[in-house]
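Here's the structure we're looking at; comments come further down.
In what follows, chains are A, B, ... by sequence order, proteins preceding strands, each numbered from 1.
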Amino acid sequence: MSNPIEKIPADPAVPVAPPAPSDFIRDIVAAHVAEGRYPKIHTRFPPEPNGYLHIGHAKSICLNFGIAREFGGVCNLRMDDTNPTKEDIEYVESIQADVNWLLGGWAEDRLGLKHAGKAPEEKMVEGKKDFFQPPVFGTSESERQHSAIKLEPFYASDYFDQIYEFAVALIKNGKAFVCDLTPDQTDEFRRNGKPSPFRDRSVAENLDLFTRMKAGEFPDGTRVLRAKIIVDAPNIWLRDPLLYRIKTADHHQTGAKWRIYPMYDFAHCLSDYIEGITHSICTLEFEVHRPLYDWILESLDLARPLPHQYEFARLSLGYTVMSKRKLMQLVEENLVTGWDDPRMPTICGIRRRGVTAQALRNFAYNIGITKYNGITDVSVLEHTIREDLNKHAQRRLAVLRPIKVVITNYPEGKVEELNAINNPEDPISGGRKMPFARELFIERDDFQEIPPPKFFRLKPGGEVRLKYAFIIKCEEIIKDAAGNITELRCTADLDSKMGGATSARKVKGTIHWVSAAHAVDAEVRLYDRLFTVPEPDADGDFKKHLNPHSLEVITAKCEPSLKDANFEERYQFERLAYFALDKDSASKLVFNRTITLKDAWAKAAQKS
RNA sequence: UGCCCGAUGGUGUAACGGUAGCACAACAGACUCUGAAUCUGUUUGUCAUGGUUCAAAUCCAUGUCGGGCAACCA
């Protein structure tokens, strides 16, 4: 950023890569690479498909895929789908779309997938039966779409057969048992560090009962499979934790095949192992699970190197909520229009708002990776978005709250085409023409009848430049019966346009405008932050902090070239904000305000 | 309560026993046909107390504060 080299406009085909960050996890990986510990670094991003991905997941995605990218590795996308009653195929699909979008043009070649329907390979390794599910990677999203070979994410549910077999092995080892305690009793026994009365069942009885659990002989909640570790361990997760529970429920991937489902702790480490993951990176709340993660893998006499778990602090961002439960509540109670409402911190919401994948990635890199639970200031996100959009957005003129201006010395019926620059930050973006005529619209805020000090815009008897056009002077204010200003009558210095005799004349202010006759109307959705306080869920009732003005919808007057706006481009309405075309733009133009420009004047005006 | 983890300006981070640096924010100025961007400058920090050491943000001890876990969720 402070590097002057970056200011040279880059070929847009070669995006400037964010500098490779350094953090404690990357340090560990780098050390492992240096010592040649693994043939290839292999990470994974393992969301449960029970909600939409949010910006916190983006941090995790950028970490896991970033490591794969920086160390020549692979990162598997895996659905952690061990609880069928909470999950849905809708979420599986949205997760894939969001991951593809965030990875596009950056790390899509590091995305580990598998052939559709493929089960783990079963073979003998060092005399032991082993399961392995290798990734297919190195293809771009478009290659994948055009290929005859269909690829799909990994699913923990792909391994239910193997995980079941591992459970049987544990029973045979005497390291797991079937427990008939009720949930409440189990809870009480574990809390008090007391052994279950079923702890010493014979291997044969455990095997029989577990087989019958699988066959669906017992109702939900009547029996579980438990690990036999230490009943009174200081770490609760070692007090004979649950490995399997009975759930008479169909699964979105495996249908009615299973009546028992593995718990997270049992499924996750084994899924990592089966996929050959080297670095299993998760958030801090799983720190206390790590001994169990290791215990399970070490108890199974596995053939290949074991994965290891590393933890980092999840993202908390000011002025928003991040938990799936709360986001779900916003959607279900229609407090927002959906998961992709541009005010939501979901990846699809942020995307719809107009933020680019590059900006979101830059943000993830800027905030760093630590084990400290801090709250990141939204201004960091906002700055990252502005920085990206400033570089790439097409400049356009649009008037959000119009007031009519008549240039009295400009001939009626005359129209001239003036040159406008598409992006001063990017000379190769070229220019365009804007029609100028006698009747214009300017921004209502850009005129003050009684101007405050240092007001550089239009005022009675004052001069201002119309961007790309003439210097005008306000001669007369027209009001209606109620005293509202309806029109301004101005004269123009007709020699002051670009290339004209007085074009070098300096006036303090420059304002935007559109020709009244040529302007096109657009619906403009002005989004603001969803909550009014930095920590909406600090006092337990986040909904009372909802910002009642988080959305304002207006009709704007836009320069005619905006008729051709497209979904890929980003726009800066000069002096106002950045905008992106919304998907609702079918019969009319709809723009979402991504983020405002910084406004030093508004700040100064507010202070005085 | 038990166990685990953490603490560097307002915020987020770097420094791996040897000059406390970066980004955001804030403030001031320069420039400006965007009160944007850009440029220049300024303000602000090692949780506390001991110890080890020529030297401590860094190592040790104690304390304080904060977070997490204690689901047949992940």
Side-chain angles (χ1 to χ4, degrees), chain A residues 1-2 4 7 21-24 27 46-48 50 80-83 85-87 179 181-183 186-187 190-191 193 220-226 233-239 242-247 260-261 263-265 267-268 282-291 311 313-314 318 324 366-384 386-387 390-391 395 397 421 424-425 454-457 464-469 471 496-498 503-512 534 572-577 596-605:
Chain A
M1 268 140 270
S2 53
K7 275 163 218 120
S22 153
D23 55 63
F24 76 99
D27 289 347
E48 182 186 19
N50 68 345
D80 207 2
D81 56 348
T82 56
N83 186 356
T85 55
K86 287 193 173 171
E87 296 156 10
C179 178
L181 254 25
T182 66
T186 310
D187 195 46
R190 287 187 76 197
R191 208 188 298 281
D220 292 14
T222 54
R223 281 183 232 267
V224 293
L225 184 73
R226 288 231 250 164
N235 182 345
I236 309 253
W237 288 101
L238 261 19
R239 321 245 266 227
L242 275 65
L243 265 24
Y244 263 94
R245 78 287 217 190
I246 300 169
K247 254 186 204 291
I260 55 173
Y261 293 94
M263 301 288 292
Y264 162 82
D265 287 291
H268 202 91
C282 61
T283 44
L284 245 27
E285 64 268 28
F286 294 101
E287 227 166 6
V288 287
H289 294 239
R290 192 186 335 128
E311 310 88 9
R314 60 167 2 119
K324 275 184 193 169
N366 285 345
I367 56 178
I369 301 292
T370 63
K371 298 182 81 152
Y372 174 74
N373 282 302
I375 298 172
T376 298
D377 204 311
V378 264
S379 67
V380 178
L381 209 213
E382 293 173 343
H383 171 262
T384 313
R386 287 195 184 102
E387 185 184 44
N390 177 50
K391 239 178 285 182
R395 310 293 128 122
L397 264 36
I421 295 164
E425 305 282 326
K454 293 216 174 166
F455 185 78
F456 302 154
R457 307 174 186 181
V464 77
R465 174 174 290 281
L466 297 176
K467 179 93 182 175
Y468 304 125
I471 293 170
S496 63
K497 74 172 179 186
M498 204 91 69
S503 68
R505 258 182 72 204
K506 297 289 177 200
V507 288
K508 195 64 187 162
T510 301
I511 63 173
H512 58 280
Q572 184 199 90
F573 293 0
E574 289 203 48
R575 304 209 305 129
L576 299 170
T596 60
L597 255 34
K598 281 216 265 183
D599 191 348
W601 167 244
K603 198 193 270 184

With a 4.0 Å cut-off on heavy atoms, is [X] in touch with a base, just the backbone sugar-phosphate, or nothing at all?
| X | result |
| --- | --- |
| A:Arg457 | base |
| A:Thr384 | nothing |
| A:Asp187 | sugar-phosphate |
| A:Phe24 | nothing |
| A:Phe286 | base |
| A:His289 | base |
| A:Lys247 | sugar-phosphate |

I need the [atom1]-[atom2] distance between [X] and [N], as an integer number of Å.
| X | N | atom1 | atom2 | answer |
| --- | --- | --- | --- | --- |
| A:Tyr468 | B:U32 | OH | P | 17 Å |
| A:Glu387 | B:A23 | CD | C1' | 10 Å |
| A:Ile367 | B:C24 | CD1 | P | 15 Å |
| A:Tyr261 | B:A71 | OH | C1' | 19 Å |
| A:Arg575 | B:C33 | CZ | P | 14 Å |
| A:Lys371 | B:U8 | NZ | C1' | 18 Å |
| A:Glu574 | B:A37 | CD | C1' | 11 Å |
| A:His268 | B:A71 | NE2 | P | 20 Å |

I'd like the [atom1] distance from [M] over to [N], given in whole Å.
| N | M | atom1 | value |
| --- | --- | --- | --- |
| B:A25 | B:G6 | C1' | 25 Å |
| B:C4 | B:G45 | P | 35 Å |
| B:A55 | B:C65 | P | 32 Å |
| B:C16 | B:G21 | P | 14 Å |
| B:G9 | B:A20 | C1' | 11 Å |
| B:C31 | B:C24 | C1' | 23 Å |
| B:G66 | B:A56 | P | 30 Å |
| B:A26 | B:A36 | P | 12 Å |

| Between A:Lys497 and A:Val380, who's closer to the 5' end of RNA chain B by nearest nucleotide? | A:Val380
Base-pairing mate for [N] - Watson-Crick or G-U, with both contacts under 3.5 Å:
| N | value |
| --- | --- |
| B:A28 | B:U40 |
| B:U49 | B:A61 |
| B:U1 | B:A70 |
| B:C22 | B:G12 |
| B:A56 | none |

Below 4.0 Å: OP1/OP2 of [N] and any side-chain N or O of [X]:
| X | N | answer |
| --- | --- | --- |
| A:Arg245 | B:C73 | yes |
| A:Lys506 | B:C33 | yes |
| A:Lys603 | B:A26 | yes |

| query | Per the atom types in the model, does the base of B:C73 pair as donor or acceptor with the side chain of A:Asn50 at under 3.5 Å? | reply | no
| field | Base of B:U34 paired with side chain of A:Gln572 (donor-acceptor, under 3.5 Å) | value | yes
Choosing from [options], which nucleotide comes nearest the side chain of [X]?
| X | options | value |
| --- | --- | --- |
| A:Phe456 | B:G12, B:G35, B:C73 | B:G35 |
| A:Lys86 | B:A37, B:C73, B:C72 | B:C73 |
| A:Ala600 | B:G12, B:G35, B:A74 | B:G35 |
| A:Glu287 | B:U13, B:C5, B:G67 | B:C5 |
| A:Val288 | B:U34, B:C4, B:C72 | B:C4 |
| A:Thr370 | B:A14, B:G12, B:A25 | B:A14 |
| A:Ser22 | B:A15, B:A74, B:C72 | B:A15 |
| A:Asn390 | B:A37, B:C72, B:C33 | B:A37 |
| A:His383 | B:C27, B:C3, B:C24 | B:C24 |
| A:Asn83 | B:A70, B:C3, B:A74 | B:A74 |

Are any side-chain N or O atoms of [X] and backbone N or O atoms of [Y], one a donor and one an acceptor, separated by less than 3.5 Å?
| X | Y | result |
| --- | --- | --- |
| A:Arg314 | A:Cys282 | no |
| A:Arg465 | A:Ser496 | yes |
| A:Asn235 | A:Val288 | yes |
| A:Arg239 | A:Arg190 | yes |

| said: If stacking means aromatic ring centre less than 5.5 angstrom from the base's six-membered ring centre, planes under 30°, is A:Tyr372 stacked on B:A7? | reply: no
| task | Measure the distance between the ring centre of A:Trp601 and the centre of the six-membered base ring of B:G35, then answer whether it is under 5.5 Å with planes under 30°. | result | yes
Salt bridge present between [X] and [Y] (N-O < 4.0 angstrom):
| X | Y | result |
| --- | --- | --- |
| A:Lys371 | A:Glu287 | yes |
| A:Lys467 | A:Glu574 | yes |
| A:Arg191 | A:Asp187 | yes |

| A:Asn83-A:Thr85 side chain donor-acceptor pair, cut-off 3.5 Å | yes
| query | Tell me, do A:Lys598 and A:Lys603 make a side-chain contact under 4.5 Å, heavy atoms counted? | reply | no
